[in-house]
Amino acid sequence: MGIVRLTNVTKNYIHNKHKVCVFNNLDIEVNSGEFLIIKGASGSGKSTLLNIIGTLEKPTSGKVTLFGKDISHGGIHELSELRLRTFGFIYQAFNLIHFLTAFDNVQLPLLLSGHVRSAELERFVHEMLGRVGLAHRARHYPAELSGGEQQRVAIARALVNNPTIVLADEPTGNLDKQTSGEILYLMKQLHGEGSRTFIVATHDDEVVKVGTRIIDLNYLTVGV
Amino acid sequence: MVYTRCLEDLLVDGKLIMESRETVRVLAYARTLTNQKNKKARHISIGASLLLSEYRRGFLRNIRNYAFMVLIFSLVLTFFALPAAYYEFQTVAYRTANYDISLSGPITKTDVQKLKAYKGTQYVLALSDFTTDIWSQSNHIVADVYLVDNISIASEALLVNKKLLVQGSFEPNACVLPANLASSLKVGIGDFIDIKWESFKLKSTKGKSLRYRVSGIVYPNTQRDIIVADASNKEQFLVSLKKAIDQENRMSTGYSPKYSPDYEAAFIKLKSFANAGSEGLLDQLGSKKNELIFETRQQALKSRINEAAKLGQSYQFWFLQYGALALYLFLFLGNSLKNIDLRQKLYAILSAIGANRRLIIIHNALDSLITNSAILIFSIYITKLYFRYFLTFYLPAIVVYKVIGIALLVNLFAFIISSVIANIKLSKIEIARLLRLE
Ligand SMILES: Nc1ncnc2c1ncn2[C@@H]1O[C@H](COP(=O)(O)OP(=O)(O)OP(=O)(O)O)[C@@H](O)[C@H]1O
Ligand SMILES: [Mg+2]
């Protein structure tokens, strides 16, 4: 069943008065529960595609639907609500808030979605940090954590509001081989335990291997 | 909103995150509680807690910026308050004193009798004026002392009068002094001071002294700081002291005045004052009037007003005021723009994890409100210090209100401008670009 569908999506940037075409008339359907890999050469538009699905960027033309509803033309409040509850983002650069502890970074989406601070909420956040193996680092600031640990915090933050779709842009891009493997294992585990959909942009072959389906933006061919 | 997953979903596919149904139940309960809560209040509370964490982690990094802004802003306030404070400083004594005419020079009891006898006279306050040594427990200074024979008339008539009291009152057998002298003598209400004549270096004054309890403290105002003391029962002491001083001076210098004056100054109140009327009064004194210096309070006040107005009219001073104001606004706006630039990444992250634009605007507004208020409060305080220690003026209440008014107005203006610019900048943030690589 398709939960996200891109129909005829074109994205152009205007750069120094020149039109840069990232992709043209793209048609993609994302199925519920899959671990979809987006691969392609640098500059092929992987990040742009994830951002368009995640409503952080608007397509130049075409339509993006989520559960059959058009989300490419939503209002800012509607879209932020969508990012809060339906999408979870994981980035190559981790993008944690540097002045918040691991605990506070993970708690923030819960506060945004209306939970109040309480002993129960605290327990839940600790549980979440435990899931990614960081229960003992709750009070640490991002600068005091290794790259792999920061990415674990980012994963906990992305999943804490129980999103339907997790968007990961080169999640292992900043990590060494060993740590990449651990992060990949964690993501795979989190995917396997639920019916959540993962869309992962990468050119790391190890990541490509674990996908249930691959879209190569260079050829726009569908593998496995 | 349409796409919001409800909590019941978590029970089905949320096994992964929610270990126990108990947790889910608790969270569902928490959600029902908060949904009734005002969304705006939630935004304010999250915005405030983010700011708090940020200040805690990186407060010192910005402190130098803010300290500099406080310094400049208090200069702005000082420049804008200065004309009013200076006007007050120059004129307040002449506006509040109740005499019409002042006379200074060697005045005798007979002269005073003649002045009192004039039909238009309401009262004559004659006094002994010394510039001499004042001692307290811990310090001594040289200052002017008015030894008056009627403290209650003095409290209305003189340039040091009861309308200028900061503390205490005019009382019999006690003295009143300006705050700056009180602070250099380190005395307060109830302490004692001694008036001595040691610096005259005469045999006749050696060991002579008058002790007074301090009963009141007044704002310093004119350039001349005067202590007023009740000498109504010290007449004999003063007469013999002056005679002795004159005699000793005569022996050592050979100069021989026609008489020993009983007083050095007189302040006269007329029943109905008109400038012309004063001629009739002085005619009472015959040829003696040429030995005395005569001034009406109105003349003195007018010359003080002219003096005070010079400051406000000076082109350079105007330039200083508006130059400092422009510099402050420039710094303030520059700082708020820089803050937004520094926070772009934070705002991009917040947007990506689903924070509402309103939260971001509230966060930014709260920050400028907090820094604004802090700058305001510190600047007003430092302005007071500038006045007290650097200009040695006192800020009268009316000028303090003016300072607060100007401060509020300027900061409100700066806050509105920076909020407008911030909202424009925030609406243009490129979230996707900021979240790529650092
Ligand atoms: N804001 C922008 N303005 C102009 N051009 C842009 C902008 N963002 C992306 N591009 C261009 O769009 C193209 C696709 O960029 P994108 O980042 O999506 O590629 P990518 O596949 O993620 O590359 P990489 O593997 O290096 O991350 C690139 O040519 C890039 O230069
Ligand atoms: Mg990319």
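Residue numbers start from 1 in every chain, and the chains themselves are labelled A, B, ... in the order their sequence lines are given, proteins ahead of strands. Computed from heavy atoms alone, side chains included, the values below leave out hydrogens, waters and symmetry copies.
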* Plane angle bin for B/Tyr328 and B/Phe332 - parallel if under 30°, tilted between 30 and 60°, otherwise perpendicular -> tilted
* Can you label the angle between the A/His126 ring and the A/Phe103 ring as parallel, tilted or perpendicular, going by 30° and 60°? =>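 Tilted, since the angle between the ring planes falls between 30° and 60°.
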So which part of [X] gets closer than 4.5 Å to some heavy atom of chain B, the side chain, the backbone, both or neither?
| X | result |
| --- | --- |
| A/Leu112 | both |
| A/Leu79 | neither |
| A/Asn51 | side chain |
| A/Leu111 | both |

* What are the residues of residues 405-429 of chain B, in order of number, with any heavy atom under 4.5 angstrom from a heavy atom of chain A? -> none
* Measuring heavy-atom distances to chain A, does B/Ile431 have an atom under 4.5 Å in its side chain, in its backbone, in both, or in neither? ->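 For B/Ile431, the contact with chain A is made by the side chain alone.
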* To do: Identify which part of B/Leu50 has an atom lying under 4.5 Å from any heavy atom of chain A, answering side chain, backbone, both or neither.
  =>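 It is both, since atoms from each part get that close.
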* Near A/His136 NE2, under 6.0 Å, is it more than 12 heavy atoms from other residues, nucleotides or ligands? -> yes
* **With sequence neighbours excluded, residues passing ring pair (Phe, Tyr, Trp, His ring centres under 6.0 Å) with A/Phe87** =>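 A/Phe87 satisfies ring pair (Phe, Tyr, Trp, His ring centres under 6.0 Å) with no other residue.
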* Could you tell me which residues satisfy salt bridge (Lys or Arg N to Asp or Glu O under 4.0 Å) with B/Arg343, sequence neighbours excluded, listed by chain and number? =>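 Residues passing salt bridge (Lys or Arg N to Asp or Glu O under 4.0 Å) with B/Arg343: B/Glu54, B/Asp367.
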* **Partner set under salt bridge (Lys or Arg N to Asp or Glu O under 4.0 Å) for A/Glu182, not counting sequence neighbours** => A/Arg152
* To do: Assess the pair A/His115 and A/Phe124: is the distance between their ring centroids shorter than 6.0 Å?
  =>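 Ring centroids of A/His115 and A/Phe124 are no less than 6.0 Å from each other.
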* Within the distance-only criterion (no hydrogens, no angle test), does the side chain of A/Asn105 pair as donor or acceptor with the backbone N or O of A/Thr101 below 3.5 angstrom? -> yes
* Among B/Leu346, B/Ile46, B/Ile349, residue most engaged with chain A (heavy-atom pairs, under 4.5 Å) -> B/Ile349
* **Option that, when pairs with chain A are counted at under 4.5 Å, heavy atom only, ranks first among B/Ser53, B/Ala432, B/Ala352** => B/Ala352
* Asked: Hey, are A/Glu57 and B/Arg436 close enough for a salt bridge, meaning a charged N less than 4.0 Å from a carboxylate O?
  -> yes
* Which pair of heavy atoms, one from A/Ala158 and one from A/Pro163, lies closest together, and at what distance? ->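 The pair with the smallest heavy-atom distance is O-CG, 3.2 Å.
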